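All of these numbers come straight from a predicted model, not from anything done at the bench. Residue numbers start at 1 and run along the sequence shown. In what follows, every heavy atom counts, from backbone to side chain, and hydrogens, waters and symmetry copies are set aside. Just follow the structure's listing: the first ligand is 1, and inside any ligand the first atom is 1.
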Amino acid sequence: MPIEKVAIVGAGIAGLAAALAFARHGIASDLFEQAPHLVEVGAGLQVSPNASRLLGELGLLSQLEAVWTEPAQISLVSGTSLRALAHVPAGDYARNRWGAPYGVLHRATLQRVLMHAVEANPLCTLHLDTAVRDAPHATLARLTGVAYPLVIGADGVWSNVRTAIQGSPQPSFSGHVCWRFTFPDRLVPSWLKTNQVTAFLGPSTHLVAYPLREIGGFNMVAIASGASPGRTWDAQANDSQKRSLYGEFRRWDSRIVHLLRQTEQPTFWPLFEVGTGRWHNGRDTVLVGDAAHAVTPFAAQGASMAIEDGFTLARCLAESRDVPQALAAYESARQPRVAKVRSRGTFNRFAYHARGPIRLGRDMVLSLRPPEALAADLDWLYGFRAG
Ligand SMILES: Cc1cc2nc3c(=O)[nH]c(=O)nc-3n(C[C@H](O)[C@H](O)[C@H](O)COP(=O)(O)OP(=O)(O)OC[C@H]3O[C@@H](n4cnc5c(N)ncnc54)[C@H](O)[C@@H]3O)c2cc1C
């Protein structure tokens with residue numbers, strides 16, 4: 001008999017999407033989330049067609065389309081001159097080419113839509129305000145009296161469930177921090193296009209900007225080197241941290257620097273990566289999402305990879321009567337995919353943050369590549385069908 005019920009630790013994007021993917025195969029889940037309620041912390045997330053296709057299979061696309069923005073294109077723009085370098089078409093082009101839309105929205109909106117779907121699904125039970133620390137199986141048995149045949153660690157980059165898996169990957173600070181700025185529509189300058197995702201590329205730093213309908217304004221995220229403030233998604237910057245941030249932009253176009261200085265208090269979080277290693281213990285514990293493989297956001301795939309994981313794990317478990325076999329099949333299906341995404345992120349980091357002659361070469365190569373050719377480079381990523 002295939003497995004009937006699982007425990008999922010963490011109700012972020014990975015945990016919620018996994019619960020819904022299991023339910024499609026008739027597998028019930030109990031979800032345990034440490035937060036007492038949905039946290040509005042965070043800002044924008046990009047949902048690429050490889051993930052929106054799966055959200056469509058969950059019947060959630062129309063709810064998301066009602067609130068998200070579908071950018072007409074993803075543009076690469078020089079941060080030092082504001083010159084457009086290249087673009088990948090999105091909007092209807094994405095729907096036609098990859099069979100699903102490209103959307104941008106607030107992380108909390110995606111989490112809320114998934115959470116409501118979980119709450120409405122009779123096969124899913126959500127337990128908020130329930131942290132699962134220490135040995136996960138023993139803790140869950142103590143909390144619920146149930147001996148779960150499988151515990152899924154969807155508890156993010158600082159996962160506790162991971163400690164139950166020998167040889168599991170370890171988190172490490174990447175040396176970069178992500179700065180989050182938001183500002184209202186009335187502050188949007190004329191040089192910032194409102195119908196696209198814009199990645200401004202500059203020496204050792206880049207800045208991604210796109211509109212967020214939910215906040216009636218813009219989301220901007222700058223990735224720069226910096227020190228880790230610890231395990232947080234929402235550190236407040238002190239004056240010296242702000243000075244060092246603005247220092248990163250000293251050679252940028254002054255209009256960008258002026259805009260950044262106008263925004264309300266920016267917040268930041270450390271970029272941790274989770275390296276390579278085992279994602280399951282061959283028996284009764286497995287990882288999904290950031291707990292398994294947090295990657296830096298240079299390919300904007302964190303949430304999308306988390307959603308794909310849940311679909312693949314659910315399929316493997318539904319297809320096999322043998323849990324260890326299903327876990328092995330899941331790991332071998334997902335690890336090469338995540339490794340490829342990680343390599344793409346490393347390549348983007350090199351290209352986006354290039355300086356000197358490498359930057360000049362990059363700009364020339366980009367300006368010679370037609371949008372369709374750049375889109376074709378992404379077929380393996382956006383055209384992928386997980387699950
Ligand atoms: C509060 C928050 C804000 C974020 N903001 C952004 C952002 O602005 N931009 C961006 O690109 N990414 C952001 N992320 C990360 C992004 O959501 C993930 O990279 C991606 O969606 C993969 O999600 P995940 O579900 O694997 O991990 P996460 O989103 O980290 O979710 C993990 C979940 O597990 C819960 N959890 C952790 N430990 C335990 C425990 N011991 N017991 C029970 N529950 C536990 C956490 O509370 C969380 O809800 C944020 C994550 C969080 C938690």
Pick one of side chain, backbone, both or neither for how Arg180 approaches ligand 1, counting any non-hydrogen atom pair under 4.0 Å. side chain
Could you check if a side-chain atom of Val295 sits within less than 4.5 angstrom of a side-chain atom of Met305, using non-hydrogen atoms only? no
Smallest heavy-atom separation, Arg162 atom then Val157 atom, equals NH2-O, 2.8 Å
Flag, side chain of Arg385 to backbone of Arg53, donor-acceptor distance under 3.5 Å: no
Considering only protein heavy atoms, which is closest to atom 8 (O) of ligand 1, and at what distance to one decimal place? Ala43 N, 2.9 Å
Tell me whether Ser29 contacts the main-chain N or O of Leu31 through its side chain, where contact means a donor paired with an acceptor under 3.5 Å. no
Can you confirm whether Asn50 sits close enough to Gln301 that some side-chain heavy atom of one is under 4.5 Å from a side-chain heavy atom of the other? yes
For Ala303, which part has a heavy atom under 4.0 Å from ligand 1: side chain, backbone, both, or neither? both
Which option wins on minimum heavy-atom distance to atom 42 (N) of ligand 1: Val288, Val132, Thr296, Leu114? Val132
With heavy-atom distances below 4.0 Å as the criterion, list the atoms of ligand 1 near Gly44. 9 (N)
Does Gln196 use its side chain to pair, donor to acceptor, with the backbone of Ser75 at less than 3.5 Å? no
Under 3.5 Å: donor-acceptor pair, side chain of His25, backbone of Ile27: no
Using heavy-atom distances, let me know which of Ala14, Gly156, Cys178, Gly15 sits nearest atom 25 (O) of ligand 1. Ala14
Sidechain-backbone polar pair: Asp30 side chain, His127 backbone, donor-acceptor under 3.5 Å: no
How about His206 and Asn348: does a side-chain donor come under 3.5 Å of a side-chain acceptor? no
Looking at residues at least two apart in the chain, or sitting in another chain, which of them share a ring pair (Phe, Tyr, Trp, His ring centres under 6.0 Å) with Phe268? Trp179
Does ligand 1 have any atom that is closer than 4.0 Å to a heavy atom of Ala131? yes
Which of the ligand 1 atoms, numbered from 1, are nearer than 4.0 Å to a heavy atom of Leu45: 10 (C), 11 (O), 12 (N)
Could you list the residues that satisfy side chain to side chain contact (heavy atoms under 4.5 Å, CB included) with Ser367, not counting sequence neighbours? none
I need the nearest protein heavy-atom contact for atom 48 (C) of ligand 1: residue, atom name and distance, please. Glu33 OE1, 3.5 Å
Residue, atom and distance of the protein heavy atom nearest atom 31 (O) of ligand 1 read Gly12 CA, 3.6 Å
Short N or O distance, Trp233 and ligand 1, threshold 3.5 Å exclusive: no
for atom 4 (C) of ligand 1, nearest protein heavy atom and its distance come out as Arg107 CD, 3.3 Å
Among the heavy atoms of Ala154, does any lie under 4.0 Å from an atom of ligand 1? yes
Could you check whether Glu57 pairs with Arg315 (Lys NZ or Arg NE/NH1/NH2 to Asp/Glu carboxylate O, under 4.0 Å)? no
Taking the cut-offs as 6.0 angstrom to the six-membered ring centre and 45 degrees off its axis, would you call Arg261 and Tyr246 a cation-pi pair? yes
What is the closest protein heavy atom to atom 34 (O) of ligand 1, and at what distance does it sit? Gly10 CA, 3.3 Å
Would you say Ala306 has any N or O atom under 3.5 Å from an N or O of ligand 1, going by distance alone? no
Quick note on ligand 1: atoms under 4.0 Å from a heavy atom of Arg133 include exactly 41 (N)
Does the Arg369 side chain pair with the main chain of Leu366, one donor and one acceptor, at a distance under 3.5 Å? no
Ignoring hydrogens, just give me the one of Val9, Asp290, Thr139 whose non-hydrogen atom is nearest atom 22 (C) of ligand 1. Asp290
Of the protein's non-hydrogen atoms, which lies at the shortest distance from atom 21 (O) of ligand 1, and what is that distance? Ile13 CG1, 3.4 Å
Atoms of ligand 1 less than 4.0 Å from Thr130 heavy atoms? 43 (C)
Does Ala300 come within less than 4.0 Å of ligand 1, judged by its heavy atoms? no
In terms of atom number and element, which parts of ligand 1 are under 4.0 angstrom from non-hydrogen atoms of Gly289? 26 (O)
Using non-hydrogen atoms of the residue, decide whether Val157 is closer than 4.0 angstrom to ligand 1. no
Check whether any heavy atom of Trp269 sits under 4.0 Å from an atom of ligand 1. yes
Can we say Arg180 and Asp234 salt-bridge, meaning some charged N sits less than 4.0 Å from an Asp/Glu carboxylate O? yes
Under 4.0 Å from a heavy atom of Phe32: give me the atoms of ligand 1 that qualify, with their elements. 43 (C), 44 (N)
Atom 43 (C) of ligand 1: the protein heavy-atom neighbour that sits closest, reported with distance to 0.1 Å: Gln34 N, 3.3 Å
